[in-house]
Amino acid sequence: MAEEGVKKSSNFIREIIKKDLEEGRVKEVVTRFPTEPNGYLHIGHAKAITIDFGLAKEFGGRCHLRFDDTNPSKEEQEYVDSIMEDIRWLGWEWGSHLYFASDYFEKLYEWAIYLIKQGKAFVCDLSADEVREYRGALTQPGKESPFRNRSVEENLNLFERMKNGEFPDGSKTLRAKINMSHPNINMRDPVMYRILRATHHRTGDKWCIYPTYDYAHGQSDAIEGITHSICTLEFEDHRPLYDWFVDNLPIEKKPHQYEFARLNLTYTVLSKRKLLALVQKGIVSGWDDPRMPTIAGFRRRGFTPEAIRNFCEAVGVAKANSTVDLAFLEECLRDELNKKAPRRMAVLKPLKVTIENYPEGESEELEISNNPEDPSYGTRKVKFSRSIYIDRDDFMVDPPPKFFRLAPQREVRLRNAYYLTCTGYKTDEKSEVIEIMGKIDPATKGGWSPDGRSPKVTIHWVNAEDCIESEIRLYDRLFLKENPDDVEEGKDFLSNLNPDSLKVLKGCKLEPSLKDAKLGEVYQFERVGYFTLDKDSKKECLVFNRAVTLKDTWAKIQKKR
RNA sequence: UGGGGAGUAGUUCAAUUGGCGGAACGCCUGGCUCUGGACCAGGAUGAUGGGGGUUCAAGUCCUCCCUCCCCAGCCA
């Protein structure tokens, strides 16, 4: 709702609803989120869900969840289940208003008979190829089917026999009798029913004829009392047909369709076909691979529902095609997690540090805030001793300008602990640094110096003795190009895959409190990013996914060179 | 060459319906800070796709043009 302080700017659909309410055209707003159960929901659906459910809630109405299951050859129960889970996770509820287009098959069949009796529908024997041929072209009118003028009786008889399974698949269709020379191709006697023998996930083998989307959608809306039927732009030129069915059937309260531009994201594909290809070709581990733009993927990656909802609100609703920068989505996540995520310390690429002036065999406990910005998150105890790990990236033997981290003879602050000065380092035969020697200033315990000096930078660390090992998966964009479909002749979007979209780090060192991490919790690993436990975790080895990095000024400086 | 849509900072959207074109993100400065994070302050960026017209006044109304997107599934 709009009361959270941030003013959200309006959009044309909200204005239409407002006006309809004010001027009494509708008493109550009823929307619906319609979806075909033939794939997992993705971030584009999240935008539609935010509009459909969000607007209904805002105006005190309701939003139905409806499965558009009119094509049994592509639909599966697995998808129905995942879709419901994802919508709930996003924070929306439909209460008792769960519907399936297949619930209306009987009514739709009756209405088809009604149209036949009105002389507005006919059974056509043309093959699929012939129908296409007769349809004409964009600039050419079509031709009328030779079966267009069958008598009502004959149509009734034939349609019933279609339903009874007397004809083979594809041999006949029921078509609306509208106008074969209509400038809008959708109006050229569109198919209402096709013969299709496939087991439906809900109605089983009861039917062998199935209504098309065009014949089912508006009527489903009408049956449910939908007032505002919101969909994407590509249905704009189906609206006259939507209205035609609603107008020519005995329907009192007519629903109305409104269209908005679907979401596009840089470095991302959002078509079910392409996402399915990524899954089927094994390019990703499944629909919930954390690199997938699916709701399930984002969830596993460590995104929160709030972040996704805020993003969907922020991108707005308009009719102009647009592509949102992926960085904007990431920023919405950071914004959310910065407030909510408890802080922890984790070293992804460990480098051992021996603190020469810390007594061997001794240790102490430091009390550390779980979220410096919100004391209500409490504190935790972390051990400190002679041997710790820091991140390899936080040390350089020969640091370039603007590198403020640890280097020989340089002093940095260890987060929540002591000031540390590097006194030396050891290398292996390849002159790779394998260990650092240093000394701490005992007077700086807690991270403050009595003399007021302050190191330029603070680095994180974990205690060597009791830290836990884990695997950390670093995710990056799945595609190299902003527009993955920008390809050379003869190639497809798969040629733009980012080979480094997943980097697996092993032997990462985490502070011990992280062994209690639970699925669904997201932590900020200080100075690194936001991470969440992955379902692949085992007791011996936890697995964490990086949801998003923190903003990194040093990385930016490096990139500029 | 048919029909349906859309053009406003780099991006995504606003503009009280004809009244001095704004916000968010991004970008650049500076400040602050025990996260090179967060936060704070400041800054740059637009002939509102183009021409013509109406008007005291046009992103908004009229007109001509340009560019982009969608449509020829028995998919949704």
Side-chain angles (χ1 to χ4, degrees), chain A residues 6-11 34-36 38 68-71 73-74 124 126-128 131-133 135-142 169-175 181-188 190-196 209-210 212-214 216-217 231-240 259 261 263 266 272-273 314-325 327-332 334-335 338-339 343 345 369 372-373 402-405 412-417 419 444 446-448 454-460 524-529 549-557:
Chain A
V6 225
K7 239 186 268 165
K8 67 180 163 195
S9 59
S10 198
N11 63 60
T35 182
E36 188 186 15
N38 66 344
D68 264 336
D69 53 354
T70 56
N71 185 358
S73 58
K74 292 164 54 177
C124 182
L126 255 27
S127 70
V131 168
R132 187 181 317 119
E133 214 180 295
R135 186 157 33 226
L138 293 176
T139 57
Q140 229 83 67
D169 285 10
S171 62
K172 283 182 169 46
T173 55
L174 183 73
R175 299 174 67 184
S181 48
H182 197 110
N184 181 340
I185 289 188
N186 294 307
M187 300 297 271
R188 318 240 259 231
V191 170
M192 295 164 55
Y193 273 91
R194 69 276 210 187
I195 304 174
L196 186 56
I209 57 170
Y210 290 94
T212 57
Y213 165 86
D214 283 312
H217 201 88
C231 63
T232 44
L233 247 32
E234 68 269 25
F235 292 102
E236 236 163 350
D237 48 16
H238 289 242
R239 188 171 1 116
E259 311 87 10
L263 176 72
T266 55
K272 282 189 189 172
R273 205 200 92 239
V315 296
V317 182
K319 296 194 75 156
N321 300 102
S322 62
T323 303
V324 178
D325 196 335
F328 185 61
L329 175 60
E330 293 180 339
E331 192 49 34
C332 289
R334 286 192 194 99
D335 188 54
N338 178 51
K339 294 175 229 157
R343 316 284 131 128
M345 290 201 286
S369 169
E373 297 189 25
K402 291 194 176 170
F403 181 88
F404 304 138
R405 281 111 97 145
V412 296
R413 175 163 30 220
L414 292 174
R415 179 80 165 147
N416 300 300
Y419 291 6
T444 59
W448 293 103
S454 181
K456 189 113 177 143
V457 80
T458 299
I459 66 172
H460 59 283
Q524 184 194 103
F525 290 177
E526 288 198 88
R527 297 209 314 133
V528 183
T549 61
L550 247 33
K551 278 190 196 158
D552 186 345
T553 313
W554 170 241
K556 212 171 178 180
I557 292 167

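Protein chains get the first letters and strands the later ones, always in sequence-line order, with residue 1 at the start of each.
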Participant: Who is the Watson-Crick or G-U wobble partner of B:rC68, with both distances under 3.5 Å?
Facilitator: B:rG5
Participant: Determine, stepwise, if the pair A:Lys551 / A:Glu331 fulfils side chain to side chain contact (heavy atoms under 4.5 Å, CB included).
Facilitator: CA-CA 9 Å; A:Lys551 278 190 196 158; A:Glu331 192 49 34; 3.4 Å; yes
Participant: Is there a Watson-Crick or G-U wobble partner for B:rC56 with both distances under 3.5 Å, and if so, which one is it?
Facilitator: B:rG19
Participant: Passes side chain to side chain contact (heavy atoms under 4.5 Å, CB included), A:Arg343 versus A:Asn416? Steps please.
Facilitator: CA-CA 12 Å; A:Arg343 316 284 131 128; A:Asn416 300 300; over 6 Å; no
Participant: Is A:Glu259 salt-bridged to A:Arg239, going by a charged N under 4.0 Å from an acidic O?
Facilitator: yes
Participant: A:Ser454 near the nucleic acid: base, sugar-phosphate alone, or nothing, with a heavy-atom cut-off under 4.0 Å?
Facilitator: nothing
Participant: Please classify the glycosidic conformation of B:rA47 as syn (within 90° of 0) or anti (everything else).
Facilitator: syn
Participant: Roughly how many Å apart are B:rU48 and B:rC66, using the C1' atom of each and rounding to a whole number?
Facilitator: 16 Å
Participant: For B:rU54 versus B:rU63, give the span between their C1' atoms, rounded off to a whole number of Å.
Facilitator: 11 Å
Participant: Using the C1' atom on both, measure B:rU16 against B:rC27 and round to a whole Å.
Facilitator: 31 Å
Participant: For B:rA47 versus B:rU12, give the span between their P atoms, rounded off to a whole number of Å.
Facilitator: 16 Å
Participant: How would you list, by chain and number, every residue that makes a side-chain contact (heavy atoms from CB on, under 4.5 Å) with A:Ser73, sequence neighbours excluded?
Facilitator: A:Asn71
Participant: Show the numbers, then the answer: is there a side chain to side chain contact (heavy atoms under 4.5 Å, CB included) between A:Arg175 and A:Val131?
Facilitator: CA-CA 10 Å; A:Arg175 299 174 67 184; A:Val131 168; 4.2 Å; yes
Participant: Mind calculating the distance between NZ (A:Lys319) and C1' (B:rG5) to the nearest angstrom?
Facilitator: 7 Å
Participant: Could you write nucleotides 71-76 of chain B as a row of B, S and -, 5' to 3', where a protein heavy atom under 4.0 Å of any base atom gives B, of only sugar-phosphate atoms gives S, and otherwise -?
Facilitator: BBSBBB
Participant: Short question: side chain of A:Ser181, backbone of A:Pro141 - any donor-acceptor pair under 3.5 Å?
Facilitator: no
Participant: Which nucleotide, in any strand shown, forms a Watson-Crick or G-U wobble pair with B:rA47, with both distances under 3.5 Å?
Facilitator: none
Participant: Across nucleotides 35-48 of chain B, 5' to 3', mark each nucleotide with B, S or - according to how protein heavy atoms within less than 4.0 Å reach it.
Facilitator: BBBS----------
Participant: Hey, is the main chain of A:Leu550 close enough, under 3.5 Å, to the side chain of A:Arg334 for a donor-acceptor pair?
Facilitator: no
Participant: Residues in ring pair (Phe, Tyr, Trp, His ring centres under 6.0 Å) with A:His238, at least two apart?
Facilitator: A:Phe235
Participant: Give the rounded distance in Å between these two atoms: CZ of A:Arg239 and C1' of B:rC70.
Facilitator: 13 Å
Participant: Apply ring pair (Phe, Tyr, Trp, His ring centres under 6.0 Å) to A:Tyr419 and list each qualifying residue two or more places apart in sequence or on a separate chain.
Facilitator: none
Participant: Need the glycosidic conformation of B:rG73: syn if within 90° of 0, anti if not. Which one?
Facilitator: syn
Participant: Both distances below 3.5 Å, Watson-Crick or wobble geometry, any strand: find the nucleotide opposite B:rU35.
Facilitator: none
Participant: Could you classify B:rU17 for me, syn or anti, using a glycosidic angle within 90° of 0 as syn?
Facilitator: syn
Participant: Measure CG/A:Asp325 against C1'/B:rC27 and give the value in whole Å, please.
Facilitator: 12 Å
Participant: Between A:Thr323 and B:rU11, is there a side-chain N or O to OP1/OP2 distance below 4.0 Å?
Facilitator: no
Participant: Say you pick atom P in B:rU60 and the same atom in B:rA9; how far apart are they, in whole Å?
Facilitator: 15 Å
Participant: Are OP1 or OP2 of B:rC27 and a side-chain N or O of A:Lys556 less than 4.0 angstrom apart?
Facilitator: yes
Participant: Using the P atom as the point on both nucleotides, what is the distance between B:rA41 and B:rA23, in whole Å?
Facilitator: 13 Å
Participant: Do the side chain of A:Asn184 and the main chain of A:Asp237 share a donor and acceptor less than 3.5 angstrom apart?
Facilitator: yes
Participant: Determine the interatomic distance between P on B:rG53 and the same-named atom on B:rA58; round to the nearest Å.
Facilitator: 12 Å
Participant: When the P atoms of B:rG59 and B:rG52 are compared, how many Å lie between them, rounded to an integer?
Facilitator: 14 Å
Participant: Tell me, please, which residues at least two apart from A:Ser454 pass side-chain contact (heavy atoms from CB on, under 4.5 Å).
Facilitator: A:Arg413
